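To start, the structure itself, in structure tokens.
Lettering of chains follows the sequences in order, A, B, ..., and the numbering in each one begins at 1. Computed from heavy atoms alone, side chains included, the values below leave out hydrogens, waters and symmetry copies. Quick caveat, the model's predicted, so the values are computed rather than measured.
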Amino acid sequence: MWRARDADPAAWDLLLHPRTLDLFTRTATLAVAVTAVGAVVAVPLAWLTVASDLPGRRLWTVALCLPLAVPSYISGYVLLAAFGDGGLLDRWGWPRPDVYGFSGAVLALTASTFPLMFLSCRAALASQDPSLVEAARALGRPPGLALAAVSWPPLARARGSSGLVVAFYVLSDFGAVSLLQYDTFSRAIYMQLEGAFDRSLAALWSLALVAPALALLVLSAVAARRGPQARAGRAATRRPRPVALGPWTAPALGGCALIVAAAVGLPVAVIGWWAAQGGRGGALLDPALTSLTIAAVTAVVTVVGSLPLGYLAARSPSPAARLLERVSYAAYALPPIVVALSLVSFGIHVASFAYGTLAMLVFAHVVRFGPLALGTSKGGFAALSPRLGEAAASLGRAPLAVATRVALPLLRADLAAGAALVFLSVMKELPATLLLGPIGLDTLPRRIWTAAGDGNFAAAASPALVLIALSSLGVALTLRHERAAEQAA
Amino acid sequence: MSSRSAAPRRLVGASASAVPVASFVSGALVVLAALALAACGQRSADPAGPLVVYSGRNEAMIAPLVEQFRAAHGVAVEVRYGETAQLAALLLEEGARTPADVFLSQDAGALGALARAGRLAALPQAVLDRVPDPRFRSPDGRWVGTSGRARVLAYDTRALTRAELPTSVRALTEPAWKGRVGWAPTNASFQGFVTAFRLLEGDAAAAAWLRAMKANQPRVYKNNLAIVEALARGEIAVGLVNHYYVHAAAKGRSEPLPVANHHFAKDDPGALINVAGIGVLAGSARPAKAQAFIEFLLGAEAQRHVADETHEYPLVPGAPPPAGLRPIAEVGSPTIDLSRLDALQDTVRLLQRAGIL
């Protein structure tokens, strides 16, 4: 960040240019739109897969997470191949939406980010005490209303923190907006770095990007003032009785199928078509194992690291704790390349012993994807009654035992969701891997990038398919923890 | 009473299931520590260590060359692949502590930026002399071109004939081309061309041309390949690209690509030839190996490989041009010092003021 001081005065001039304000408005509008549309999609899906008797809930859950595993250049390509000029619909002479500019950017970014909100909302619903709903119903509320009244606060909290993450993702995104030709701050920063090798100006603009991000954070802090809702007296969650969908089963299934088809089916079909063109893929075992290991290790480290911060954020009234939490979010709002370069600077000067090692790369991933786990951890702690720990302590349990025996099991759903989010994000991560990883580190996204950069989409297909398959396996495994917790109860 | 007896049982059940979580966590941390240790100590300024190359050029093209070099010279090589501009930013950020010995760049601009920052060492005259055309190497001897890329106007052969195409890039501002031109303003090659335009015709002329182009509603693309693909889809009629992208796009297709290259007239800024090049990092601990690697890349074998694989122009005398291409001497690239194309700063500012970036 201190890089910004080196920027010459003319740069400040440009910062005050009317275009900057225009970029500001465009970026903010996009972030708000994507978050809003994402919430509309994610909340009903989360409810359906947690609280209803929708057939194949487990399968739908994994499928609905997968858009996170599709690299953005693939989803962008798919959107253009389907709806762009000269795309499929155009060739068939069908009417098609205008995907260039704002609407296309909203569509593409919503498709790739709604799982962030979906998983968080799911975790919030899954870890909610069903007795609350039952109590509301016992008090004479009709089932739907009872559910709405009781589920709303934790859902709102989950939406708040994950919505923030989505908004930040939009701020930092470069791939989709550049493909769909919608100008944002992030695109301007990339141009400074890529076109002008100007790290000072890029840093300055990054600071300008952090400003609206901080504004969003303040807003979210205000929203979070609402009182917490803790579980009722019981020491464990138990499986709620699913709400029967009855005649609504078919439309619900249809809705899920439509979203999965659009956000997952289409990209997979396109990749499959590339694969059918026949390309030499090369052995994929090594890069697959490398990707898996890094993603799994990062997911665990990030979730463990998020526990103390999440606890502080949910419990401590001190402004310092709140500030610490907020600042950790900022890294997610910055373009990945800016974060990577600042970590290069940190690594080579401060932590040179670790520079160029896997540990450094994992550290970079933790810094960048930390907010994903922090949001879910915080949500989990907020829903956990402090009385529970106090009760355990009064029964003579040591603090560590209270944490591992009482808190951890109850936080499982939230931690599993956080781990899944980090895992999926790391699986497809590219810029930090290229710049900060050990030289020669071979991962699946790197294989895809190399083949696509060579214009060889057929060769990009097999690593892309393996990436998506492994990602779904990882999500299924992670979410098993959530299920195990429910069964244990 | 019943609830009191239920609670302890739940806690026991919970503690049993917490054990795997704890062991999983500690297991992962052990793995991480092992990985970190395994990766430690491989970085050194040892002259006997492997040659470290940062490559902004694609692995598919460079890896076979590196393998040949390793086999021929018995020198171990480690390559970090990435986007040229990001690697240049990485090298600037790493400064004197960089582990890199050699930087292979997609364009002269990134090499110029590094040279300006004092990050490139002077090359021996014998290496520079391999590329006799002074347009294709650094005048102060900091980098040398390895292959050439001509700027062309690619066109949709279904929509246009060669006779209908303009002789100058300036003509693209005419009403006949409204909404029919594709360009990639963020692309380094395009910005290199605009820089050449500025240096040849002056800032005012370049700015006027850019504004007139913008008024003519060109379609914006991410890169050259996207432009050629858009041409193949019939989205646009002509596009400003590098010559080899037409070849690259045709490679994987079953049916012939309806796109061809058109060269602008001699000395037109639109006919610029830019180069991919290579330089040695200042303070490299392995300069002899670095020099051997550069000499290998400028050898007949490697030059032919580049021409075959990428369809780029070899720059060493005697190496034949890629099949089906006009010889490099007949492409009328304007006489311009490519080292000055590192002044991308002002070009970007010009593009920003014109509202294009």
Side-chain angles (χ1 to χ4, degrees), chain A residues 10 14 19 84-87 178-179 181 188 190-199 233 235-236 277 293 296-297 300-301 304 337 341 344-345 348 352-359 362 392 404-406 408-409 431 434-435 438-440 446 450-451 453-458 484-485 488-489, chain B residues 3 7 10-11 13-15 17-18 21-22 24-25 28-29 31-32 35-36 39-40 42-43 52 58-61 78-83 85-90 92-95 97 99 109-110 113 186 188 191 220 222 225 230 233-235 248-249 251-252 344-345 348-349 352 355 357:
Chain A
L14 198 68
R19 212 182 115 64
D85 293 342
S178 72
L179 212 59
Q181 304 167 18
Y190 263 84
M191 280 161 191
Q192 287 308 321
L193 269 177
E194 308 254 303
F197 309 100
D198 187 346
R199 292 165 303 146
Q277 309 295 299
T293 312
V297 169
V300 172
V301 173
V304 171
I337 179 71
L341 284 177
V344 164
S345 176
I348 204 147
S352 56
F353 60 91
Y355 189 70
T357 66
L358 265 184
V362 170
T404 55
R405 297 196 172 177
V406 179
L408 269 188
L434 291 180
L435 295 188
I439 289 178
R446 190 184 135 188
T450 300
D454 195 31
N456 193 346
F457 287 106
Chain B
S3 70
R10 271 190 221 300
L11 282 176
S15 74
S17 61
V21 174
F24 182 50
V25 168
L29 288 177
V31 168
L32 179 70
L35 286 173
C40 265
Q42 67 177 13
R43 176 156 323 288
V52 178
N58 196 285
E59 181 172 5
M61 175 197 148
E78 287 181 347
V79 191
R80 182 186 293 285
Y81 294 98
E83 304 283 349
Q86 297 188 359
L87 288 177
L90 176 66
L92 289 171
E93 204 72 66
E94 288 179 337
R97 296 188 179 206
T186 56
Q191 292 178 355
V220 178
K222 185 174 178 244
L225 201 58
R233 290 196 300 265
E235 208 168 297
K251 221 166 32 178
L344 276 184
Q345 196 84 300
V348 169
R349 200 153 289 156
Q352 283 166 340
L357 282 189

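The OG1 atom of Thr450(A) sits 4.5 Å away from the CD atom of Glu59(B) when rounded to the nearest 0.5 Å.
Across Ile348(A) and Glu93(B), no two heavy atoms sit closer than the pair CG2-O, 4.4 Å. Nearest heavy atom pair, residue Leu341(A) against residue Ala89(B), reads CD1-CB, 3.7 Å. Residues Leu87(B) and Leu435(A) come closest through the heavy atom pair CD2-CD2, 4.0 Å. Contact record, Leu434(A) with Arg80(B): O-NH1, 2.7 Å, taken as the closest heavy-atom pair.
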### Task
Report the C-alpha separation of Tyr355(A) and Glu94(B) in whole Å, then their side-chain angles, then the decisive distance to 0.1 Å, and conclude whether the side chain to side chain contact (heavy atoms under 4.5 Å, CB included) test is met.
CA-CA 10 Å; Tyr355(A) 189 70; Glu94(B) 288 179 337; 2.5 Å; yes
